[in-house]
Amino acid sequence: MSVPLLAIGSAPLALEPLIAAVSGPTEAAGPAPGSYGAVAAFLGLVRNHNLGRAVHYLEYEAYEPLALRAFEHIAAETAERWPGVRLALHHRVGRIVVGQASVAIAAASAHRADAFSACRYAIERVKQIAPIWKREFFEGGDVWIEGATADPGDQQARAAAERVACA
Amino acid sequence: MSVPLLAIGSAPLALEPLIAAVSGPTEAAGPAPGSYGAVAAFLGLVRNHNLGRAVHYLEYEAYEPLALRAFEHIAAETAERWPGVRLALHHRVGRIVVGQASVAIAAASAHRADAFSACRYAIERVKQIAPIWKREFFEGGDVWIEGATADPGDQQARAAAERVACA
Amino acid sequence: MRITVRLFARLRDIAGAAELRRDVGPESTIGTVWRQLVHEFPDFASYERSISSAVNADYARMDQAVNDGDEVAFLPPVSGG
Amino acid sequence: MRITVRLFARLRDIAGAAELRRDVGPESTIGTVWRQLVHEFPDFASYERSISSAVNADYARMDQAVNDGDEVAFLPPVSGG
């Protein structure tokens with residue numbers, strides 16, 4: 001069973017397949033199996049509260065072809081900043097109930113510092129530039145959540161993500 | 001299926017049970033299910049190379065009762081520094097071959113910054129104070145790896161771990 | 001020339017459609033299309049400073065020219081993750 | 001009084017045993033036990049500045065007193081993770 005490194009879809013997310021994808025045997029051009037000493041991973045979960053509202057569920061929508069390009073863009077940035085890191089990034093769309101995952105990320109590296117930084121950087125960049133939107137269905141109503149203006153060329157945003165990644 | 005938050009043993013490690021343990025329903029005293037928005041996780045893997053040597057496998061040994069106390073100590077430090085974070089930490093002992101995991105950590109939190117910091121802090125502290133040793137069996141010999149002098153009261157070491165955790 | 005407009009999230013709600021076909025004049029840019037839509041849907045105006053855009057599923061700037069048959073997407077501030 | 005000594009990793013290899021029973025004098029500390037072992041196993045001397053210790057599976061300092069029946073552990077620099 002093998003999953004793509006970058007994906008967007010409506011199926012529930014799990015981390016194990018991403019971890020296997022980044023740390024397992026690689027294609028001929030990649031590093032030898034066993035060259036990774038660390039995997040850092042992240043799951044974003046739907047919380048039962050947001051801004052004081054009792055949340056029932058979220059609905060995510062995406063501009064899927066552009067979201068995949070955004071993920072490729074993020075993977076390329078990560079590879080440029082942390083050479084040797086392999087990144088997997090899956091985002092779920094559709095209705096996601098409290099406690100379930102909306103995003104899963106895994107980053108494998110020879111050493112843990114780069115794995116942690118790359119993983120953290122990736123989730124920051126997803127939030128900055130991926131064309132994905134969530135609508136929050138809470139006790140008493142619903143609202144589109146609007147965060148960052150998506151601009152992959154915004155170097156200030158990219159620098160902020162690197163700072164937060166403790167790079 | 002439920003696993004303890006802190007454990008040491010010879011069985012292969014997987015991350016999913018730890019993630020379920022930190023992010024799933026909690027005991028009566030804990031936070032309500034669904035209060036976590038982020039899980040950061042870490043897997044330490046046996047690498048095929050170390051210091052230029054071709055590694056065959058590692059053998060880990062531990063002073064198990066003290067190692068569990070060390071994990072409790074690390075969990076308490078984490079809870080003190082990042083209130084609301086729930087931590088799971090499992091370490092494997094015995095022979096571990098290249099590509100397999102020696103340590104697995106998961107940290108759940110309302111928000112991702114604390115989850116990442118707590119997870120990173122925990123692995124740093126494991127390396128600093130847990131009474132666990134690895135013997136490296138490489139091409140042509142074997143050697144005990146000796147790292148840090150284990151002193152849970154060393155505040156400089158603790159501060160260094162917090163710094164690395166980007167706290 | 002004729003283009004397809006893709007709208008997402010609240011922009012889609014305001015317009016009442018995820019996809020529109022619109023005729024635009026020659027030498028139009030993405031910005032031209034946007035201003036035409038603001039005229040049609042006045043509530044779009046509040047996104048003036050926060051909108052971003054794509055052409056044929058690739059990020060694009062507002063001054064980029066559009067061609068016949070292009071798919072032009074307008075992205076309100078994103079909230080993935 | 002009689003104590004159990006637990007040794008790990010290379011200390012265990014040097015001593016050729018994971019566990020020793022040793023008699024120690026009254027008012028002995030962990031440090032006393034350690035010096036006795038260094039006398040017995042001269043190669044332990046190189047750990048003088050890097051050793052840490054535990055009594056009855058809890059971290060302890062070298063000046064802590066030991067009691068009859070205690071389990072005293074010596075921990076060379078650790079390398080878990």
Side-chain angles (χ1 to χ4, degrees), chain B residues 8 13 42-47 50-51 58-74 89-93 96 101-105 120-136 142-154 157 161, chain D residues 3-22 29-35 37-38 40-67 69-81:
Chain B
I8 185 159
L13 296 175
F42 177 76
L43 271 183
L45 306 175
V46 175
R47 293 173 67 216
N50 185 36
L51 303 174
L58 301 180
E59 283 213 9
Y60 281 84
E61 79 172 51
Y63 185 22
E64 295 198 14
L66 184 61
L68 272 179
R69 286 220 180 170
F71 294 174
E72 287 161 8
H73 193 88
I74 292 166
L89 165 46
H90 289 197
H91 204 297
R92 189 175 174 194
V93 291
I96 312 183
S102 53
V103 60
I105 301 175
R120 180 74 197 270
Y121 179 80
I123 181 60
E124 299 303 316
R125 292 296 274 161
V126 165
K127 286 172 173 280
Q128 288 177 346
I129 70 168
I132 302 173
W133 299 268
K134 62 176 159 242
R135 185 175 198 155
E136 183 185 296
D142 64 82
V143 62
W144 283 106
I145 308 295
E146 297 185 337
T149 293
D151 178 2
D154 179 347
Chain D
I3 60 161
T4 301
V5 174
R6 296 283 306 265
L7 299 171
F8 297 92
R10 203 163 84 82
L11 291 185
R12 178 167 51 68
D13 287 357
I14 293 171
E19 206 170 303
L20 307 168
R21 299 285 171 135
R22 287 294 178 272
T29 64
I30 299 174
T32 316
V33 178
W34 173 251
R35 283 185 294 276
L37 291 170
V38 170
E40 190 176 350
F41 307 108
D43 284 354
F44 276 26
S46 63
Y47 289 92
E48 189 66 38
R49 298 162 61 90
S50 63
I51 200 75
S52 48
S53 55
V55 172
N56 300 328
D58 209 352
Y59 293 102
R61 304 219 157 256
M62 292 297 260
D63 59 2
Q64 183 172 320
V66 297
N67 297 301
D70 276 354
E71 175 175 291
V72 177
F74 291 106
L75 319 172
V78 298
S79 56

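In what follows, chains carry the letters A, B, and so on, assigned in the order in which the sequence lines appear, proteins first and then strands, with residues in each chain numbered from 1.
Judged purely by atom type and a 3.5 angstrom limit, D:Ser79 has no side-chain atom pairing as donor or acceptor with the backbone of B:Glu146. Side-chain atoms of B:Trp133 come within 3.5 Å of backbone N or O of D:Pro77 as a donor-acceptor pair. Side-chain atoms of B:His91 come within 3.5 Å of backbone atoms of D:Gly81 as a donor-acceptor pair (strictly under, hydrogens ignored). When atom types are taken as modelled, the side chain of D:Tyr59 and the backbone of B:Ala70 share no donor-acceptor pair closer than 3.5 angstrom.
Of the atoms belonging to B:Gln128, it is backbone heavy atoms, and not side-chain ones, that fall under 4.5 Å from chain D. Residue B:Ile129 touches chain D through both its backbone and its side chain, counting heavy-atom pairs closer than 4.5 Å. Using a 4.5 Å cut-off between heavy atoms, B:Ile145 touches chain D through backbone and side chain atoms alike. For B:Ala130, the part lying under 4.5 angstrom from a heavy atom of chain D is the backbone only.
Top candidate by heavy-atom pairs under 4.5 Å with chain B, chosen from D:Ala73, D:Ser52, D:Pro76, is D:Pro76. Ranked by non-hydrogen atom pairs under 4.5 Å with chain D, the options B:Val103, B:Ile123, B:Leu66 are led by B:Leu66. Ranking B:Pro152, B:Ser102, B:Gly44, B:Ala67 against chain D, the residue ahead of the rest is B:Pro152, based on heavy-atom pairs under 4.5 Å. Here B:Ala148 is the residue among B:Ala62, B:Ala148, B:Gly153 with the most heavy-atom pairs under 4.5 Å with chain D.
Scanning both residues, B:Pro65 and D:Ala57, for their nearest heavy atoms gives CB-CB, 3.9 Å. Residue D:Ala54 comes nearest to B:Tyr63 through the heavy atom pair CB-CE2, 4.2 Å, listed as atom of the first residue, atom of the second, then distance.
A 4.5 Å side-chain heavy-atom check between B:Arg135 and D:Asp13 finds at least one atom pair inside the cut-off.
For D:Asp58, the side-chain contact (heavy atoms from CB on, under 4.5 Å) partners at least two apart in sequence or on another chain are B:Arg69. Residues that satisfy the side-chain contact (heavy atoms from CB on, under 4.5 Å) test with B:Asp154, not counting sequence neighbours, are B:Asp151, B:Gln156, B:Ala157.
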